[in-house]
Amino acid sequence: MLDDFMIRAGLAALGTALAAGPLGCFVVWRRMAYFGDATSHAAILGVALALGQGLAVFPGVLGTALAMALAVHALSGRGLAHDTVLGVLSHGALAAGLVAVALTGGVRVDLELYLFGDVLTVTRGDLAWIWGGAALVVGVLVWRWRRLLTATLSPDLAHASGIAPRREALVLTLLLSAVVAVAIKVVGALLITALLVIPAAAARGAARTPETMALLALAAAAVSALGGLQVALWLDTPVGPSIVCVAVMLFAGSLPLRVLGAARG
């Protein structure tokens, strides 16, 4: 069954949606979109380092994304503005990655594949990484849901309950690194944050509880991934940008619900 490239592409898209949808809710609630950009930009450096050393791409991307997450976490609150730290590290990592790609002599790097994704080239090995990473992300979210939610919505209540908000923030940053590694071949480094933010934003207007929003965000991410794949096949367009375009259409369709909810409130 997995010899069919379309089946592999669909499974890869679904696995990415499974990881990105629920985690995207925390990205929206905590306004971490810029942090998502910084982590995903570091992925290009990971690609270059992995290919230059003859290693698999996924571990290289995961390693650099984790390093970026830990660097941001360590530098935050140490006399530097958070957006300044993110700006320096984000653009520095992207520039370093592009330079590293240029210096990988003897290794041909399809930069567009990693910038915008190409789910149609996913292999069985890639599927194992994608679904393994997605299972890890969802498992940790389920395990620590209450702690993560409390630390996100009310740090003071978290402290009173014996929860360390900074530790929970670190957990989220590490999970975000895993999603970057999972999604690199599906939507590419430049569009990963869009797949995190847009489905969650679309779900927000129709959800009355955080749990409902997470489930709706997962559904919206899945529809975006599979719908974008189908649109790309129909119109012969790049898959990653097509997925994001479908997500944007879902968000536009959710706006009346948001307006109605605001009017009722």
Side-chain angles (χ1 to χ4, degrees), residues 9-33 35-36 119 127 130-154 157-158 163 168-169 171-183 186-187 191-231 240 242-265:
L11 288 174
L14 279 177
T16 302
L18 182 67
L23 185 62
C25 295
F26 286 98
V27 173
V28 170
W29 292 331
R30 300 178 74 102
R31 299 181 181 180
M32 293 173 65
F35 175 82
V119 71
L127 277 180
I130 290 171
W131 278 90
L136 174 65
V137 170
V138 173
V140 173
L141 285 177
V142 171
W143 170 43
R144 302 189 70 87
W145 178 262
R146 282 297 164 194
R147 289 175 173 270
L148 292 170
L149 191 61
T150 303
T152 296
L153 301 181
S154 177
L157 178 60
I163 299 170
E168 302 308 316
V171 171
L172 286 175
T173 60
L174 297 179
L175 291 180
L176 191 55
S177 303
V179 170
V180 168
V182 163
V186 178
V187 292
L191 297 175
I192 290 171
T193 305
L195 191 60
L196 285 162
V197 171
I198 299 175
R204 196 170 195 172
R208 294 186 177 274
T209 66
E211 291 78 11
T212 302
M213 180 174 165
L215 291 174
L216 289 176
L218 190 157
V223 170
S224 300
L226 295 179
L229 178 59
Q230 190 63 59
V231 168
S242 299
I243 289 173
V244 174
C245 286
V246 172
V248 170
M249 287 189 288
L250 289 178
F251 174 74
S254 73
L255 290 178
L257 293 175
R258 185 179 297 245
V259 172
L260 183 60
R264 287 178 177 176

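Every value quoted in this text rests on a predicted model; they were computed, and no experiment measured them. Along the sequence shown, residues are numbered consecutively beginning with 1.
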**Message:** Looking at every heavy atom in both Val137 and Ala19, which two are closest together, and how far apart are they?
**Reply:** CG1-O, 3.9 Å
**Message:** For Ser254 versus Ala202, what's the shortest heavy-atom pair and its separation?
**Reply:** CB-O, 3.3 Å
**Request:** Could you grab the distance from atom CG of Leu176 to atom CG of Leu196, nearest 0.5 Å is fine?
**Result:** 6.0 Å
**Message:** What's the separation between atom CG in Leu14 and atom CG in Leu226, rounded to the nearest 0.5 Å?
**Reply:** 4.0 Å
**Item:** Taking every non-hydrogen atom, the tightest pair across Leu195 and Ala20
**Value:** O-CB, 4.1 Å
**Request:** Flag yes if more than 12 heavy atoms outside Trp145 fall under 6.0 Å of its CH2 atom; otherwise flag no.
**Result:** yes
**Message:** So Glu211 and Leu149, do their side chains get closer than 4.5 Å, heavy atoms only?
**Reply:** yes
**Message:** Could you check whether any side-chain heavy atom of Trp29 comes within less than 4.5 Å of a side-chain heavy atom of Arg204, counting everything from C-beta outward?
**Reply:** yes
**Message:** Between Trp131 (side chain only) and Leu11 (backbone N and O only), is there a donor and an acceptor less than 3.5 Å apart?
**Reply:** yes
**Prompt:** Which pair of non-hydrogen atoms, one from Ala183 and one from Thr16, has the smallest distance, and what is that distance?
**Reply:** CB-CG2, 3.6 Å
**Message:** Looking at every heavy atom in both Ala200 and Val28, which two are closest together, and how far apart are they?
**Reply:** CB-CG2, 3.6 Å
**Request:** Give, for atom CG of Leu172 and atom CZ of Arg144, the distance between the pair rounded to the nearest 0.5 Å.
**Result:** 9.5 Å
**Request:** Begin with the C-alpha distance, continue with both residues' side-chain angles, and end with the deciding distance and a verdict on side chain to side chain contact (heavy atoms under 4.5 Å, CB included) for Leu18 and Leu218.
**Result:** CA-CA 6 Å; Leu18 182 67; Leu218 190 157; 3.6 Å; yes
**Fill in**
Scanning both residues in full, the closest heavy-atom pair of Thr152 with Phe26 reads OG1-CD2, 3.5 Å
**Request:** Calculate, to the nearest 0.5 Å, the distance between atoms CD and OG1 belonging to Glu168 and Thr150 respectively.
**Result:** 9.0 Å
**Item:** Cys245 side, atom SG; Leu250 side, atom CG - distance, nearest 0.5 Å
**Value:** 11.5 Å
**Message:** With rounding to the nearest 0.5 angstrom, report the CG to CG distance, Leu148 to Leu175.
**Reply:** 7.5 Å
